[in-house]
Amino acid sequence: GIAPEAAALTEAVTAVCADLARQLIGDAEGSTKDIRIDVVNAASEDEAVTAARSVSRSNLLKCAIHGGDPNWGRLVAVAKGRSVEEIRQKGLAYGTFPLGESRVQEALKKMDLLHAEWHLVGHLQRNKAKFAPRFALVHSLDSLRLAEALEKVGEKAGVRLKVLVEVNLGREPQKHGVLEEELPELLPRLREMPHLEVLGLMTVPPIGPEAVVRPIFRRLSELADRYGLPERSMGMSDDYEWAVEEGATLVRVGRALFVD
């Protein structure tokens with residue numbers, strides 16, 4: 001009974017992986033060749049299915065990436081807490097992607113050792129705004145005051161900083177980000193700043209099931225469309241499939257990429 005069930009599950013996972021590859025990179029060719037589900041040592045059918053689902057989950061993103069353009073830029077490999085060697089061996093083993101860091105200081109330590117496009121995906125304090133030119137994209141512009149600080153930095157450095165506006169769609173008090181109703185006033189102010197280029201929106205949804213998380217992603221896409229913004233940074237290791245299906249252009253993945 002184990003073999004047919006495992007075979008059916010393998011086939012289903014392969015189909016999902018190919019579909020994900022098409023959505024993310026527009027090409028499913030070769031995207032399923034790294035899927036391996038080993039149930040030989042399973043003691044029961046239930047154990048085999050559980051093991052197979054676990055393996056397929058961790059391989060899903062990797063196999064989608066493997067079949068695509070090695071310079072595919074929609075994945076941001078979040079390197080928070082990862083050593084330079086680990087980033088080289090695991091994070092960059094499937095291609096060359098932007099690297100994301102949550103903390104400025106941690107990113108600065110790695111930048112000279114890893115030649116990559118760096119994104120800041122965590123909260124940026126105003127007193128660290130001077131480091132923003134080191135990043136190709138700041139995902140976490142969360143206030144007018146931070147924008148004003150970045151505008152001054154950009155003017156001084158003679159560059160136009162690329163940013164995303166973080167939106168707290170879950171309205172969680174412990175999280176950063178502007179509220180949805182603040183966007184109509186904030187975005188015009190940002191567009192008046194000559195040294196800032198607002199490319200899109202970013203959100204971190206509440207932790208929860210699909211019924212909670214998916215509507216957050218859908219709403220971010222709707223808002224990006226409303227304001228004519230092309231980039232939507234949403235989705236992490238536990239929910240990137242839903243984010244992609246709802247229109248993510250940047251997915252910030254760490255654990256699913258680094259953990260075997």
Side-chain angles (χ1 to χ4, degrees), residues 73-76 78 97-108 111 116-206 215-236 243-244 246-252:
R74 289 183 176 176
L75 169 75
V76 178
V78 179
F97 313 108
L99 296 177
E101 269 294 352
S102 296
R103 299 177 184 229
V104 170
Q105 294 305 125
E106 189 171 348
L108 294 176
M111 283 180 173
E117 176 183 313
W118 287 89
H119 291 199
L120 183 66
V121 299
H123 176 60
L124 177 61
Q125 298 173 313
R126 290 196 307 279
N127 65 359
K128 299 271 190 358
K130 62 185 177 182
F131 297 112
R134 300 288 302 273
F135 296 91
L137 181 64
V138 174
H139 290 232
S140 49
L141 174 58
D142 59 6
S143 71
L144 180 59
R145 291 181 69 190
L146 177 57
E148 291 169 341
L150 289 172
E151 170 63 20
K152 291 178 181 177
V153 169
E155 181 179 16
K156 184 176 180 179
V159 297
R160 197 172 186 213
L161 301 173
K162 292 179 170 61
V163 300
L164 307 178
V165 175
E166 182 174 359
V167 188
N168 186 352
L169 290 174
R171 310 183 81 87
E172 297 177 274
Q174 75 276 19
K175 287 184 179 176
H176 299 284
V178 302
L179 299 178
E180 176 182 338
E181 57 268 27
E182 295 176 298
L183 289 173
E185 181 177 350
L186 177 63
L187 287 174
R189 298 283 299 274
L190 300 182
R191 285 169 172 156
E192 293 172 353
M193 298 181 182
H195 297 92
L196 285 188
E197 183 177 3
V198 180
L199 297 181
L201 305 177
M202 183 271 263
T203 197
V204 179
I216 296 288
F217 294 151
R218 184 177 303 129
R219 184 58 178 161
L220 193 79
S221 282
E222 291 171 351
L223 290 169
D225 287 341
R226 175 187 298 178
Y227 296 109
L229 298 168
E231 298 288 2
R232 306 100 194 270
S233 173
M234 55 190 190
M236 296 185 286
V244 168
E246 296 299 336
T249 62
L250 293 161
V251 288
R252 311 178 304 273

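The shown structure was predicted, so the numbers you read here are calculated from the model rather than taken from an experiment.
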Residues Glu222, Arg219: salt bridge by 4.0 Å N-O rule: yes

Evaluation steps, side-chain contact (heavy atoms from CB on, under 4.5 Å), between Met111 and Leu99: CA-CA 10 Å; Met111 283 180 173; Leu99 296 177; over 6 Å; no

Least distance between heavy atoms, Leu169 atom then Ile216 atom: CD1-O, 3.4 Å

Name each donor-acceptor pair under 3.5 Å that joins a side chain in residues 184-199 to protein atoms two or more places apart or in another chain, with its distance.
unit_1 : atom_1 : unit_2 : atom_2 : d
Arg191 : NH2    : Tyr227 : O      : 2.7
His195 : ND1    : Glu151 : OE2    : 2.8

Donor-acceptor contact below 3.5 Å, side chain Ser102 vs main chain Val121: no

Heavy-atom closest pair, residues Leu179 and Val167: C-CG1, 4.4 Å

Shortest non-hydrogen contact from Gly247 toward Met234: C-CE, 3.8 Å

Parallel, tilted or perpendicular: rings of His139 and His119 (30°, 60°): tilted

Candidates Val138, Leu250, Leu120, Leu229 - the one meeting side-chain contact (heavy atoms from CB on, under 4.5 Å) with Leu164: Leu250

Shortest non-hydrogen separation from Glu117 to Ala136 and the atoms involved: CG-CB, 3.4 Å

Partners passing side chain to side chain donor-acceptor pair (under 3.5 Å) against Arg252 (at least two apart in sequence or in another chain): Ser233

Atom pair CD (Gln125) and CZ (Arg103), whose distance is rounded to the nearest 0.5 Å: 9.5 Å

Over all atoms of both residues, closest heavy-atom pair of Ala107 and Trp118: CB-CE3, 4.5 Å

Derivation of the side-chain contact (heavy atoms from CB on, under 4.5 Å) call for Ser140 and Glu166: CA-CA 5 Å; Ser140 49; Glu166 182 174 359; 3.6 Å; yes

Test side-chain contact (heavy atoms from CB on, under 4.5 Å) applied to Leu144 and Glu182, step by step: CA-CA 10 Å; Leu144 180 59; Glu182 295 176 298; over 6 Å; no

side-chain contact (heavy atoms from CB on, under 4.5 Å) assessment of Lys128 paired with Gln105: CA-CA 9 Å; Lys128 299 271 190 358; Gln105 294 305 125; 3.6 Å; yes

Rounded distance (nearest 0.5 Å) linking atom CZ of Arg232 with atom OG of Ser221: 4.5 Å

Neighbour count >12 (heavy atoms, 6.0 Å) for atom NZ, Lys175: yes

Neighbour count above 12 (heavy atom, 6.0 Å) for Arg218 CZ: yes

Where Pro133 and Ala157 come nearest, the two heavy atoms and their spacing: CG-CB, 4.3 Å

